[in-house]
Structures are given as structure tokens and as C-alpha cells.
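This report refers to the structure that appears directly beneath it.
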Amino acid sequence: MRFIAWWQAQRRDETELTRLYRAEELVKPALALVLMTMLVVTSSLLVIVSAHDYRKYFHQHQVLVRQHDDLQVEWGQLLLEQGTWAANNRVESLAVKKLDMKVPEQETIEFVRHD
């Protein structure tokens, strides 16, 4: 009895598998397949675009980091140059040579107080 029920179920499954489908029955699965295919293609294109943008922005970042490093080096050189030009002995020697200035004597220095 059990075997007969199983055999009938198998026959029913075979007939469902071998029957022909009408066009109306295939429209929904076909639309779902087309929609899923479009979603996969769109997703893959978006991945490609985002990878391209990442590479572009990473290159731009590297360029800016390189510019920052170059500017830091130049800033350090300018600070050294400023220290050289503003050294006390250089300013004093230029004042004596070009402006004919001299260090005043102790007796000629006067202090002025503002109260």
C-alpha cells in the first residue's frame, strides 16, 4: 500500500515536470530573471565606478601629501634663512657699515620713565 502511494506521487511529479507551460505562466519568472540580471549588472558597474573613484582620490591624496612634504622642507629652509639674516652680529655689522651707527657710550645713555 505504501509503495503504491509513493509510485502514484512519483507519477504525478513526472507529469508536472513534463507538461508544457503557457506563455502567461512564464512571464513572471522571465521578468524576475531580467530584473535580477539588470540589478547584478548595475551593481557590478557601480563597483567599477567606486573603485575608479577610490584610485583617483587616492592618487590626488598622494600628490597633496607630496606637496605638503615639499612645503614643509621649504618652510624649514626659510626659517633657517630668516635666522641667518636676523642674526644679531649681522644686523650690528650692517648698522655700522651702511647706516654709520655705533654703540653709544655708557655716559650718553639716558633712561626715560613714563609714570
**Q.** With sequence neighbours excluded, residues passing side-chain contact (heavy atoms from CB on, under 4.5 Å) with Val103
**A.** Glu92

**Q.** side chain to side chain donor-acceptor pair (under 3.5 Å) pairs, two or more places apart, involving residues 44-64
**A.** none

(Q) Surrounding CG of Asn88 (heavy atoms of other residues, nucleotides or ligands, distance under 6.0 Å), is the total greater than 12? (A) no

Q. Within the distance-only criterion (no hydrogens, no angle test), does the side chain of Thr108 pair as donor or acceptor with the backbone N or O of Pro104 below 3.5 angstrom?
A. no

**Q.** Non-hydrogen side-chain atoms of Val96 and Asp100 separated by less than 4.5 Å
**A.** no

Q. With a cut-off of 6.0 Å (strictly less than), are more than 12 heavy atoms of other residues, nucleotides or ligands near CG of Asp69?
A. yes

Q.
List the residues meeting side-chain contact (heavy atoms from CB on, under 4.5 Å) with Glu81, not counting sequence neighbours, and say none if there are none.
A. Leu78, Trp85

Q: Measure the CG-NZ distance between Leu33 and Lys28 for me, rounded to the nearest 0.5 Å.
A: 16.0 Å

